[in-house]
Structures are given as C-alpha cells and as structure tokens.
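Below is one structure, written out as structure tokens; the observations come after it.
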There are 2 protein chains.
Amino acid sequence: MTGDERRTAQKEAVRRALRQAPGFVSAGELHERLAAGGNAVGLATVYRQLNALAEDGRADTIPGPGGRLFRACEAPGVHHHHLVCEACGRAFELDAPDEAWIRDAATEHRFTVTRHVLEVFGRCADCPTY
Amino acid sequence: MTGDERRTAQKEAVRRALRQAPGFVSAGELHERLAAGGNAVGLATVYRQLNALAEDGRADTIPGPGGRLFRACEAPGVHHHHLVCEACGRAFELDAPDEAWIRDAATEHRFTVTRHVLEVFGRCADCPTY
DNA sequence: ATGCGTGCAAACGATTTGCAGAGAA
DNA sequence: TTCTCTGCAAATCGTTTGCACGCAT
C-alpha cells in the first residue's frame, strides 16, 4: 500500500477547468473546454480525475439527463443537495436542514441510513417559460 | 385520428409491478421482478412503458447512479417519502415534516419549484449487515 | 382486416478498463 | 529506477430504435 499521489499537468488542468466552469458541467463538456483552451487531455483521464475528486468530496455531482454533471466543491465533505433548473440545467447548492429528522425517523424504524437522495426541480428566473 | 390506446397484458404487468415495487426501481430491476413473477416482458417494452408513463406524469423518475429510477406516481396531495431497506426491499412511509425551507430556498434563488424527490436508503433491523 | 404493441437484436451514447508507454518522484 | 498517471481503443452498461410478426380492436 502506497499513499503516493503525483502532481501532473493534466490533474491541474482538469481541476482548474472544473473550477472555472460556470455551474455544473458534464465530463465531455469539460473535455471540450480543455481542448479548446489549448490544454488537451484524454477523455478517460478527465473521467478518472472527476471520479477521484467526487469520491474525495472535492467535487459535487448530480445525475442529469445524458450523464453525470460535475462541479468544484468549495466545502469538501459537507453533504448538500441541489436546486436544478429543468430548462437550462443550472444548479444551485441547497443547505439541508433536514438531515436531523431523517436520522430520527430512521432510528424510529430501527434503520441504519446508508444514503439518501434529494433533488428539487424547478425553473430559474433567467429561463424562458418554455 | 389516432387516439388509439390498446390494452395489453404487458402494459398491465408493468404497471402493476411498478406499483408493487418498494420506492424507486430501475428499469432492469423491474424487468427482473416481472420475470421472477412469471410475467416475462421484453426489456425494451419495459422501457417503452416506463417512458410513456413518465411522460404522461403517471410515474415519477429520478436520475440515479447507473440509470434512471422509476416510481408509480401517487395521487396528488398525498405526497410523501420512503425509507427503503436496501437488503429486503421493504419500505416505510416517512412524514415530511417541513418542506417549507425548500420553497424558501427556491425563492431566494428566484426559482419556481415544480417538483422534488426524496428517498432514504438504509438497512432495516431484520436484515444482515452484509 | 387494420395497425398498434411487442420481442429481438443491433445501434447508440456515456462511462470504464486493459495495456503499454511517458513522466514525476 | 520505480511506479503512478496518461492516452488510446476496446469493453461495458444502460437505454433506444428498426424491423417483422402477433394480437387487440
């Protein structure tokens, strides 16, 4: 077992691109952005990086139509949910004051909570009604 | 005029299976349940049915890891959530105490909320830890 | 008889993985 | 040098679609 983590140009590029991206982006989108910006990175590497970041809690992900969407996470390790615009796909973070009652309700049923899903969908102000 | 809607055994089977399923299920899962229950239905048909139901608003869907998840749409007004055991599939109803914060947060972002989804997964006391 | 619904299998898009070589330590 | 990371391409997974036949109407 080695706790080795190497510093590479691709990692930097992916993380920077993710941070600079507006809102949530798909892996493919990020890949295109990188290529367009002169920092070509293999698509597989983009996926590997994003998965690693997501797993470490350094990136947020929301499942969207046609694939997962990623976004740089400013507060690592903090679980939160999202408010997603059904039209433009943009998403905002939500504070979730509901964690407590979930645990309570679970305990009441002698449950051990492993995970939960909360997604709020709507229409943002900038989007045409249709 | 093509207002034609035919009544078939497969449609019935899919809808019944969806209604009997605990919480959200994937298309593949539903397909297996049907096969296991003696009502074998083609996977493509399952997808076609689920998509049709979702489009008509007769089923709810949430994007999940590894695919979309479907659930029979409950009658309007009886909106509630579930606590689902990942092992035995049993589900309990959860009262959603305060969903006002959702609307508040949405308003804060100038969002119009159209719908939201919450599912809690875990282990019930009767099921082995693994 | 008419034509929608089904099943099968091929097609499809998103993501993962095997493997050999490049590059950081 | 050692060993992780990368890139490519093939493999995989979930989902959709084309086509011919069956069955509800």
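In what follows, every chain begins at residue 1, and chains take the letters A, B, ... in the order their sequences are listed. Only this structure's heavy atoms are used, side chains among them; waters, hydrogens and symmetry mates stay out. As the structure is a prediction and not an experimental result, all values here were calculated from the model.
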Report, one pair per line, the protein and nucleotides 18-23 of chain C atoms (nitrogen or oxygen only) whose separation is under 3.5 Å.
residue: dG23(C); atom: N2; partner: Arg6(A); partner atom: NH1; Å: 2.3

Could you tell me the separation between the [atom1] atom of [X] and the [atom2] atom of [N], rounded to a whole number of Å?
| X | N | atom1 | atom2 | result |
| --- | --- | --- | --- | --- |
| Leu69(B) | dT15(D) | CG | C1' | 14 Å |
| Asp4(A) | dT6(D) | CG | P | 13 Å |
| Glu5(B) | dC4(C) | CD | P | 12 Å |
| Leu43(B) | dT17(D) | CG | C1' | 13 Å |
| Leu50(B) | dG5(C) | CG | P | 15 Å |
| Gln49(A) | dT6(D) | CD | C1' | 10 Å |

Pick the nucleotide of DNA chain D nearest each of Arg7(B) and Phe70(B); which residue has the one closer to the 5' end?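 Nearest nucleotide further toward 5': that of Phe70(B).
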Donor-acceptor pairs are to be reported for all side-chain atoms of residues 22-35 of chain A against protein atoms at under 3.5 Å, with residues two or more places apart or in another chain.
residue: Ser26(A); atom: OG; partner: Glu29(A); partner atom: N; Å: 3.1
residue: His31(A); atom: NE2; partner: Val41(A); partner atom: O; Å: 3.0

Can you name the residues that form a side-chain contact (heavy atoms from CB on, under 4.5 Å) with [X], not counting sequence neighbours?
| X | result |
| --- | --- |
| Ala59(A) | Leu18(A), Leu53(A) |
| Thr8(B) | Gln10(B), Lys11(B) |
| Ala106(B) | Leu83(A), Phe111(B), Val113(B) |

May I ask you to decide whether Arg71(A) forms a salt bridge with Asp60(A), counting only side-chain N to carboxylate O separations under 4.0 Å?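 Here Arg71(A) does not pair with Asp60(A) in a salt bridge, since their nearest N and O are not under 4.0 Å apart.
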Proximity to DNA chain C (any heavy atom under 4.0 Å), residues of residues 8-20 of chain B only: Thr8(B), Gln10(B), Lys11(B)
Asn51(A) side chain near dT15(C) phosphate (N/O to OP1/OP2, under 4.0 Å):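 False: Asn51(A) side-chain N/O out of range (4.0 Å or more) of dT15(C) OP1/OP2.
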Looking at Thr45(B), does any N or O in its side chain come under 4.0 Å of the phosphate oxygens OP1/OP2 on dG5(C)? no
Please name all residues satisfying side chain to side chain donor-acceptor pair (under 3.5 Å) with Glu12(B), sequence neighbours left out, ordered by chain then number.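 Here the qualifying residues are Arg7(B).
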In numerical order, the residues of residues 31-38 of chain A whose heavy atoms come under 4.0 Å of DNA chain D are none
Is Phe70(B) reachable from Val46(B) through a run of I, L, V, M, F, W or Y residues, each pair having side-chain heavy atoms under 4.5 Å apart? yes
When Ile, Leu, Val, Met, Phe, Trp and Tyr are grouped by side-chain heavy atoms lying under 4.5 Å apart, directly or through other members, which residues fall in the same group as Leu43(A)?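 ILVMFWY cluster around Leu43(A) also holds Tyr47(A).
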So what is the end-to-end bend of the helix from dA1(C)-dT25(D) to dA25(C)-dT1(D), with 5 pairs used at each end and the value given to 10 degrees?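 Comparing the axis at each end, I get an angle of 30°.
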Any chance you could measure Gln49(B), atom CD, to Thr45(B), atom OG1, to the nearest 0.5 Å?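 Answer rounded to 0.5 Å: 7.5 Å.
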Give me each pair satisfying salt bridge (Lys or Arg N to Asp or Glu O under 4.0 Å) with a member in residues 14-25 of chain B, each pair once, sequence neighbours excluded. Glu5(B)-Arg15(B)
For the side chain of Tyr47(B), starting at C-beta, report the closest nucleotide among dT15(D), dT6(D), dT15(C). dT15(D)
